[in-house]
Amino acid sequence: MRFALPNTAALPVGAALLALSGALHAQDVSVQAGQLRVSDSGDKSFAVAVAYAHPVGDYLALSLSYLNEGHPPNHHRDGAAGQVWLRSKINQDGLSFGVGAGQDYYFDTARTATGYSNDHGWAPIYSVQATYHHQNRWYTQVQLNRVLPREKEATTQLLVGFGYRFDGVRGNKLHLEEASTDDTLTLLSGRAIVNSLNSEQSHAYSLEYRRAVGKYIDWTVTGLKEGTTARTRRAGVATQAWLIRSLNNHIELGMGFGPYGVLDLHDVPGRQSHLAGLLSVATRYHFNKRIVGQLLMQRVITDYHRDADVLLVGLGTTF
């Protein structure tokens, strides 16, 4: 077995976010889109971001976000970022302003002389934002990001989007309200997309067992079948630890990470097993005490240039 797990030194930002969420329970979820510019070359592309932010007192906030840096020539780069924010109070015109700094763990599919490579690493990210708060909990936001990898091209993104502020749920997660609903079994189906320059796709499905082990901590064991493409044929078992938070009486958001033991590996000659990493983001919707819908985005992290995105949707039952 070889290991392909990323350095997780910056993830305490996410842990602090969830730990503090019990004290103050307003939470922001936003979606943004706009334009990216590569500093050295001047190349331009699109950019998309989805963020979860939690206020801490009147002037501080913590955030976790997914940032897609588009497709400038020879690069497809995205990542997961954690940031600390200094924000102003909302003025009488409904405006507030903020500056943020943190770390982005990036995934870069880069063109090489022989094809492509999947490069991973940490990059500082700095942001400024202006937010207009409407009276119905919705807000409109303009944000400027600067991402500065040490050995990669620096980028600037100008994003415009909208968000919503949730009240949150005090105390335990939704599925810890009763002892009989600590466990969930979920069947999911969707697509696996190889992180190559051609983005080969296949049908994927998984079976997930989830156990609530604390107020904001879950543990999962997942059987995952990624399907077959011209570059990959992969299946295996993963176990992950999750930070998870309820937004209201139905919706939960969570981020998980852990090892992914590949049992059926045919994309590398002469190897039938491998240990990779699996990073996941989930949205869970509780229809009632027993039925849970789940939307799942996963990134398979390898050290042999066969990273993949796995996008799944499914239905589960608690017991």
Side-chain angles (χ1 to χ4, degrees), residues 14-33 48-56 61-66 80-82 131 133-134 136-141 161-190 206 208-220 222 240-257 279-298 310-319:
L17 190 159
L18 271 296
L20 289 168
S21 62
L24 293 172
H25 60 136
Q27 301 153 85
D28 297 337
V29 176
S30 62
V31 178
Q32 302 168 331
V48 178
V50 180
Y52 168 91
H54 188 89
V56 182
L62 300 171
S63 71
L64 290 173
S65 60
Y66 163 74
T131 306
H133 300 262
H134 306 280
N136 57 358
R137 297 181 179 270
W138 289 92
Y139 57 85
T140 306
Q141 196 166 72
F162 62 91
Y164 188 83
R165 176 161 291 183
F166 292 85
D167 276 342
V169 177
R170 283 195 176 275
N172 294 341
K173 300 190 302 296
L174 293 174
H175 57 305
L176 275 176
E177 292 180 353
E178 295 182 1
S180 61
T181 59
D182 287 358
D183 304 272
T184 310
L185 194 63
T186 305
L187 182 64
L188 304 106
S189 178
S206 72
E208 176 193 275
Y209 166 75
R210 180 179 294 268
R211 172 74 178 176
V213 296
K215 284 187 176 182
Y216 309 110
I217 305 294
D218 278 4
W219 168 67
T220 58
T222 304
Q240 295 176 276
W242 289 76
L243 298 172
I244 193 163
R245 187 70 172 101
S246 299
L247 297 181
N248 57 26
N249 290 324
H250 293 281
I251 301 172
E252 291 176 318
L253 294 180
M255 176 177 288
F257 176 75
L279 178 66
S280 304
V281 177
T283 301
R284 307 180 76 228
Y285 186 88
H286 292 251
F287 293 97
N288 54 45
K289 293 293 185 181
R290 297 297 178 188
I291 306 300
V292 181
Q294 182 163 290
L295 179 64
L296 187 62
M297 182 176 72
Q298 298 181 304
V310 185
L311 309 177
L312 302 168
V313 62
L315 204 62
T317 180
T318 64
F319 56 94

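Below, each value reflects all heavy atoms present in this structure, side chains not excepted, and no hydrogens, waters or symmetry copies. Model, not experiment: these values are computed from the prediction.
- In this structure, V292 and Y285 have side chains that are not in contact, with every pair of non-hydrogen atoms separated by 4.5 Å or more.
- Distance CH2/W138 to NE2/H133: 14.5 Å, rounded to 0.5 Å.
- Using modelled atom types and a 3.5 Å distance limit, the side chains of D28 and Y164 yield no donor-acceptor pair.
- The side-chain heavy atoms of Q27 and L253, taken from C-beta on, include no pair separated by under 4.5 Å.
- Taking 4.5 Å as the limit, some side-chain heavy atom of L247 sits within range of a side-chain heavy atom of V29.
- Here the shortest heavy-atom pairing between L296 and A282 reads CD1-CB, 3.7 Å.
- Q294 has its side chain within reach of L188: a pair of non-hydrogen atoms, C-beta onward, lies under 4.5 Å apart.
- Rounding to the nearest 0.5 Å gives a distance of 12.0 Å between CZ of R245 and CZ of F166.
- With no hydrogens or angles considered, no side-chain donor-acceptor pair links H54 and S63 at under 3.5 Å.
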*asked:* Show, in sequence, the C-alpha distance, side-chain angles and deciding distance for M297 and Y66, and conclude whether the side chain to side chain contact (heavy atoms under 4.5 Å, CB included) test is met.
replied: CA-CA 11 Å; M297 182 176 72; Y66 163 74; 4.1 Å; yes

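- Taking 4.5 Å as the limit, every side-chain heavy atom of R210 sits out of range of all side-chain heavy atoms of W219.
- The CD1 atom of I251 sits 10.0 Å away from atom NE2 of H286, with the distance rounded to the nearest 0.5 Å.
- Closest of all the heavy-atom pairs between F287 and G293 is CE1-N, 3.6 Å.
- Between the side chain of T220 and the main chain of E208, no donor-acceptor pair closer than 3.5 Å is present.
- When all heavy atoms of T222 and S206 are compared, the pair lying nearest together is CG2-CB, 3.9 Å.
- If you take CD1 on I244 and OG1 on T283, they are separated by 9.5 Å, rounding to the nearest 0.5 Å.
- With hydrogens and angles left out, the side-chain atoms of S280 and Q240 include a donor and acceptor closer than 3.5 Å.
- Of the N and O atoms on the side chains of T131 and Q141, at least one donor lies less than 3.5 Å from an acceptor on the other residue.
- The CG atom of L295 lies 9.0 Å from the CG atom of L312; values are rounded to the nearest 0.5 Å.
- Nearest heavy atom pair, residue H134 against residue Y139, reads CD2-CA, 3.6 Å.
- Side-chain contact between I291 and L315 is present, with at least one heavy-atom pair separated by less than 4.5 Å.
- Remark: D218 CG to T184 OG1 distance equals 7.5 Å, nearest 0.5 Å.
- The side-chain heavy atoms of P55 and R165, taken from C-beta on, include a pair separated by under 4.5 Å.
- Looking at every heavy atom in both residues, G256 comes nearest to W242 through N-CE3, 3.4 Å.
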